[in-house]
Every structure is written in structure tokens, then in C-alpha cells.
Amino acid sequence: MGELSIGGFGALHDTLKYPGLFKATAVLNGALRTKKEIISMDMNKYNRRYGKAFGLNLVGESRVNNKFYEDFDILNTTSNKLESEGYFYLDCGSKDDFLIGNTLLSFNLRKNKMNYTFIVRDGGHDWSYWTSGFVGMLLFISQKMQDFRFID
């Protein structure tokens, strides 16, 4: 599975929710924020991006509630949800606001001895960056799928 930005978050979310279902997950500039970033976000931005998922008009620590921990805390729940036979590809721009989240996820993947590739290239959160990364992402997925066998 391969996605970018919020779709990349969704790809990681589904990979974690259904361990073993996806052989390879590739993400360009995955929309991964730390708890601190969500807590300190201004109200309008928070409500637009997370209000429907975690609760509208929440302030401070109340934003990282049970709903957040159950479904959205990708950076801290990988160790007990991942299977070692999966492969991950993270590619994030050096000027992207999500670089910290992607870097923390790569540290967690490393700590848990997961199979992953983490690339940081010059660029931001835009179509120019994504189009320059599609080839690498697709090559990664196709290489990992070569070992996959369909059920007869």
C-alpha cells in the first residue's frame, strides 16, 4: 500500500490496525504529529483537522484522549501491533511540518527491529515533492511484492 500526506497516515493506521495484511507500506510525507504538536495547535486548526475524530473544541491534554490512544497514536503503539515480516518505506521532506513525526516513527521502527527504509530529501509538503518521490515509492513496493505469493 502506498499513500501520501493524510492518506499516508491512513495507510500506516490500517497497517497497524490489521497486522500481517499488508506486505509493504510506503508513505510520502505521512501526516504524523506528536502529542505535543496536537496539544499546542490553535483551536481552529485543531477543530478542522482533529475535532471530528477526538472531539470538537478540546483544549490542551484533553485532545489526546482515549479516542486518540485507541486509533491515532501511531508514534507510540507500533511495538505491540506490528509484525516483523512487514516492510515500511517512509519518505519525508526536510522542510515538511511532519518531519518530526516521521522521524519519531522511524526511531520506533528501529527500536522494534522492524524492516524499514527512512529517507529525508530536500523539499516540503507539496506536489513537487510527491511527484519526485513516486518512483522510489513504487519501486520499493514492487520489490517487496516480488516475494509475495497469491493463494492458489
Side-chain angles (χ1 to χ4, degrees), residues 1-127 129-130 133-134 136-138 140-141 143-145 148:
M1 171 182 342
E3 288 286 344
L4 56 93
S5 190
I6 193 64
F9 175 90
L12 291 166
H13 176 271
D14 289 351
T15 299
L16 294 170
K17 189 170 183 171
Y18 306 104
L21 184 61
F22 302 100
K23 176 77 172 169
T25 302
V27 175
L28 298 175
N29 301 68
L32 302 170
R33 282 198 170 89
T34 66
K35 288 186 251 185
K36 183 178 178 180
E37 290 171 325
I38 292 170
I39 289 168
S40 64
M41 192 176 287
D42 80 39
M43 187 63 73
N44 289 332
K45 191 173 182 181
Y46 167 80
N47 278 336
R48 188 173 57 253
R49 290 189 165 77
Y50 301 105
K52 289 183 181 178
F54 308 152
L56 290 168
N57 301 313
L58 298 178
V59 178
E61 296 279 335
S62 65
R63 292 177 176 178
V64 287
N65 53 35
N66 287 341
K67 185 64 176 160
F68 171 82
Y69 286 111
E70 287 171 13
D71 286 329
F72 297 99
D73 191 18
I74 289 174
L75 301 181
N76 296 299
T77 58
T78 55
S79 62
N80 53 356
K81 288 191 175 183
L82 292 175
E83 293 188 6
S84 60
E85 58 270 2
Y87 295 91
F88 293 85
Y89 179 91
L90 305 174
D91 179 344
C92 192
S94 61
K95 297 175 184 89
D96 193 303
D97 288 343
F98 297 114
L99 180 60
I100 293 170
N102 281 264
T103 302
L104 291 174
L105 177 59
S106 76
F107 289 159
N108 201 356
L109 293 171
R110 179 179 178 176
K111 179 178 81 177
N112 290 292
K113 298 180 172 77
M114 302 306 302
N115 302 306
Y116 76 99
T117 298
F118 180 47
I119 298 169
V120 177
R121 299 181 291 120
D122 187 42
H125 201 84
D126 53 49
W127 280 106
Y129 187 87
W130 298 325
F134 283 143
M137 180 177 78
L138 293 173
F140 174 84
I141 291 172
Q143 288 169 351
K144 299 308 175 197
M145 293 303 290
F148 184 74

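Note that these values count all heavy atoms, side chains included, but never hydrogens, waters or copies made by symmetry.
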Sorted by chain and number, sequence neighbours left out, side-chain hydrogen bond (donor to acceptor under 3.5 Å, both in side chains) with Tyr50 holds for Arg33

Determine whether Phe9 and Glu3 make a side-chain contact, defined as any pair of heavy atoms from C-beta on separated by less than 4.5 Å. no

Distance check, rounded to the nearest 0.5 Å: Leu4 atom CG versus His125 atom NE2? 7.5 Å

Give, for atom OG1 of Thr25 and atom NE2 of His13, the distance between the pair rounded to the nearest 0.5 Å. 13.0 Å

Using 0.5 Å steps for rounding, measure from the OH atom of Tyr129 to the CG atom of Asp91. 3.5 Å

Between atom CG of Leu90 and atom CG of Leu12, what is the distance when rounded to the nearest 0.5 Å? 6.5 Å

Test: salt bridge (Lys or Arg N to Asp or Glu O under 4.0 Å). Region: residues 40-54. Which pairs qualify, not counting sequence neighbours? none

Hey, could you give me the NZ/CG distance between Lys95 and Asp126, rounded to the nearest 0.5 Å? 10.0 Å

Could you walk me through whether Tyr87 and Thr117 satisfy the side chain to side chain contact (heavy atoms under 4.5 Å, CB included) test, starting with their C-alpha distance in whole Å, then the side-chain angles of each, then the deciding distance to 0.1 Å, before giving a yes or no? CA-CA 8 Å; Tyr87 295 91; Thr117 298; over 6 Å; no

Closest non-hydrogen atom pair, Val27 against Ala11: CG2-CB, 4.5 Å

Do side-chain atoms of Asp96 reach the backbone of Cys92 as a donor and acceptor pair under 3.5 angstrom? no

Within-4.5 Å side-chain heavy-atom neighbours: Leu56 and Tyr46: no

Enumerate, atom names and distances included, each donor-acceptor pair closer than 3.5 Å involving a side-chain atom of residues 57-65, sequence neighbours excluded.
| residue | atom | partner | partner atom | Å |
| --- | --- | --- | --- | --- |
| Asn57 | OD1 | Asn47 | ND2 | 2.7 |
| Ser62 | OG | Val59 | N | 3.2 |
| Ser62 | OG | Val59 | O | 2.6 |
| Arg63 | NE | Leu58 | O | 2.7 |
| Arg63 | NH1 | Ile38 | O | 2.9 |
| Arg63 | NH1 | Ile39 | O | 3.3 |
| Arg63 | NH1 | Met41 | O | 2.6 |
| Arg63 | NH2 | Met41 | O | 3.3 |
| Arg63 | NH2 | Leu58 | O | 3.2 |
| Asn65 | OD1 | Lys67 | N | 3.1 |
| Asn65 | OD1 | Phe68 | N | 3.2 |
| Asn65 | ND2 | Phe54 | O | 2.9 |
| Asn65 | ND2 | Ser62 | O | 3.3 |

Does Ser106 have any side-chain hydrogen bond (donor to acceptor under 3.5 Å, both in side chains) partners at least two apart in sequence or in another chain, and if so, which? none

I'd like a table of donor-acceptor pairs (distance under 3.5 Å, sequence neighbours excluded) in which one partner is a side-chain atom from residues 97-105, with atom names and distances.
| residue | atom | partner | partner atom | Å |
| --- | --- | --- | --- | --- |
| Asn102 | ND2 | Gly30 | O | 2.9 |
| Asn102 | ND2 | Phe98 | O | 2.8 |
| Thr103 | OG1 | Leu99 | O | 2.8 |

Measure the OG-CG distance between Ser5 and Asn29 for me, rounded to the nearest 0.5 Å. 7.0 Å

ring-ring contact (aromatic ring centres under 6.0 Å, His included) partners of Phe140, counting only residues at least two apart: Tyr89

Which atom names give the shortest non-hydrogen contact between Met137 and Ala26, and what distance separates them? CG-CB, 3.3 Å

